[in-house]
Amino acid sequence: MSAKGLLFDIQSYSVHDGPGCRTLFFLSGCPLHCEWCANPESWRLCEKVMFASSKCKVSKGCSRCIDKCPHDSITIKENKLVLNWDLCRKCTTFSCTKACFYEALKLCGKYYEVDELLKIMDRDRQYWGENGGVTFSGGEPFVQHDFLLKILKKCRDRYIHTAIETTGYVDNSIFLNVMNYVDFAFIDVKHMDKNKHKEKTGVYNDRILENIRSLKESKWPGRLVLRMPVIKDFNDTQDNINHMVSFMKELDLFEINILPFHRMGDSKWTQLGYEYKYKNEEPTSHDKLEKIQTIFLDNDIACYIGHETPF
Ligand code: SF4
Ligand code: SF4
């Protein structure tokens with residue numbers, strides 16, 4: 001695997017993704033394809049083009065990108081720019097993005113050396129306070145596990161607190177090895193039923209549940225909070241929550257963060273040329289979230305709604 005890591009975003013001053021104030025590194029690549037995903041630009045482990053039609057000035061006479069595309073992927077139809085996504089997904093030049101002054105066509109993803117990320121940490125460190133640090137998110141950060149392990153080891157050398165947001169969908173030996181260098185983890189469990197899990201995410205959940213189980217058995221000293229996005233008519237049923245409660249109690253896990261569904265990823269699906277199945281779905285109601293929270297609380301499991309995490 002490359003010595004460089006591909007990231008699709010870096011954010012400073014986050015207070016919702018682990019304790020204290022944190023710098024977030026979003027690593028590209030994800031083996032899951034959740035139908036409600038808010039970061040579909042993370043899926044493929046490669047640079048890619050995104051097209052924001054709302055910023056495009058073709059109706060005002062701009063057409064700078066058209067001649068710059070070596071694959072003749074861009075056409076104008078009814079005064080609007082149209083990309084041939086089959087061609088754009090195979091593109092490696094992204095010449096169009098350099099021609100667009102309006103950021104309608106943008107390149108998503110950038111390769112970084114470990115040392116470049118360490119410089120960003122040095123810059124941000126003064127804002128972290130006593131409890132803060134860095135969080136590796138995605139996508140699925142374990143897709144680039146060699147790079148992840150390298151940067152985590154450097155963090156450990158520098159006494160930097162590390163957190164991870166993961167689907168847990170990775171080979172068990174890699175998972176346990178990398179987790180040795182992680183202080184705090186959010187692990188997603190989208191559904192307790194393996195077939196239902198596959199139906200909406202593209203993969204079975206066995207490996208995820210097994211990794212959580214083995215992490216507990218390994219006496220890992222970090223803090224683990226499970227996470228569940230609440231998706232209507234999928235995982236918000238009493239039966240699924242009961243299974244989640246049983247699983248957590250069996251493993252002595254007593255913290256879960258439930259996340260309301262939102263449509264904030266909608267425009268990204270369009271900008272990548274994908275169809276978003278959840279574009280008409282309403283955000284999860286607070287009433288629904290509180291009902292689920294009550295089930296966990298009744299079972300002595302702390303349940304944090306959305307950003308109400310106790311950090
Ligand atoms: S991403 Fe590549 S193929 Fe697509 S419009 Fe830009 S230059 Fe052409
Ligand atoms: S260069 Fe940018 S603004 Fe101009 S037509 Fe192309 S995408 Fe639109």
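Values below: all heavy atoms of this structure, side chains included; hydrogens, waters and symmetry mates excluded. We count ligands from 1, going down the list as the structure has it; atoms in each ligand are counted the same way. Starting from 1, each residue takes its place in the sequence as its number.
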Looking at Phe234 versus Trp36, is the centre-to-centre ring distance below 6.0 Å? yes

So with a 6.0 Å cut-off around CD of Glu250, is the heavy-atom count from everything else above 12? yes

In this structure, atom 4 (Fe) of ligand 1 is nearest to the protein heavy atom Cys88 SG, 2.4 Å

The option among Leu81, Thr97, Thr92, Ile74 carrying the non-hydrogen atom nearest to atom 5 (S) of ligand 1 is Ile74

Those atoms of ligand 2 less than 4.0 Å from some heavy atom in Cys56: 3 (S), 5 (S), 7 (S), 8 (Fe)

Which of the numbered atoms in ligand 2 are below 4.0 angstrom from a heavy atom of Tyr102? 3 (S)

Number the atoms of ligand 2 from 1 as they appear, then name those within less than 4.0 Å of a heavy atom of Cys65, with their elements. 1 (S), 5 (S), 6 (Fe), 7 (S)

More than 12 non-hydrogen atoms from neighbouring residues, nucleotides or ligands closer than 6.0 Å to NZ on Lys277, yes or no? no

Does the side-chain contact (heavy atoms from CB on, under 4.5 Å) test come out yes or no for Arg227 and Ile256, once each step is laid out? CA-CA 6 Å; Arg227 248 186 183 166; Ile256 188 162; 6.0 Å; no

Aromatic rings Tyr276 and Trp269: how do their planes relate, parallel, tilted or perpendicular, breaks at 30° and 60°? tilted

Provide, to 0.1 Å, the distance between atom 3 (S) of ligand 2 and the closest protein heavy atom, together with that atom's residue and name. Lys57 N, 3.2 Å

To the nearest 0.1 Å, how far is atom 6 (Fe) of ligand 1 from its closest protein heavy atom, and which atom is that? Cys96 SG, 2.3 Å

Ion pair present between Lys4 and Glu116, side-chain N to carboxylate O less than 4.0 angstrom? no

Specify whether an N/O/S atom of His71 falls short of 2.8 Å from atom 4 (Fe) of ligand 1. no

Among Arg22, Arg223, Arg156, salt bridge (Lys or Arg N to Asp or Glu O under 4.0 Å) partner for Asp183: Arg156

Looking only at side-chain N and O atoms, does Tyr169 offer a donor or acceptor that is under 3.5 Å from a partner on Glu140? no

Note: ligand 1 atoms sitting under 4.0 Å from heavy atoms of Ser95 are 7 (S)

Using a strict 4.0 Å cut-off to heavy atoms of Leu105, name the atoms of ligand 2 that fall inside it. 7 (S)

Ligand-residue contact atoms, ligand 2 with Cys62, heavy atoms, under 4.0 Å: 1 (S), 3 (S), 4 (Fe), 5 (S)

When distances are taken from atom 8 (Fe) of ligand 1, the protein heavy atom at minimum range is Cys69 SG, 2.3 Å

Can you tell me the protein heavy atom closest to atom 2 (Fe) of ligand 2 and the distance? Cys100 SG, 2.4 Å

Counting heavy atoms under 4.0 Å, the part of Ala104 that contacts ligand 2 is side chain

Near Val49, which atoms of ligand 1 are under 4.0 Å from a heavy atom of that residue? 1 (S)

Quick one: which ligand 1 atoms are inside 4.0 Å of a heavy atom on Cys91? 1 (S), 2 (Fe), 3 (S), 7 (S)

Should Lys279 and Asp266 count as an ion pair when the cut-off is N to O under 4.0 Å? no

Would you call the rings of Tyr278 and Phe261 parallel, tilted or perpendicular if under 30° counts as parallel and over 60° as perpendicular? tilted

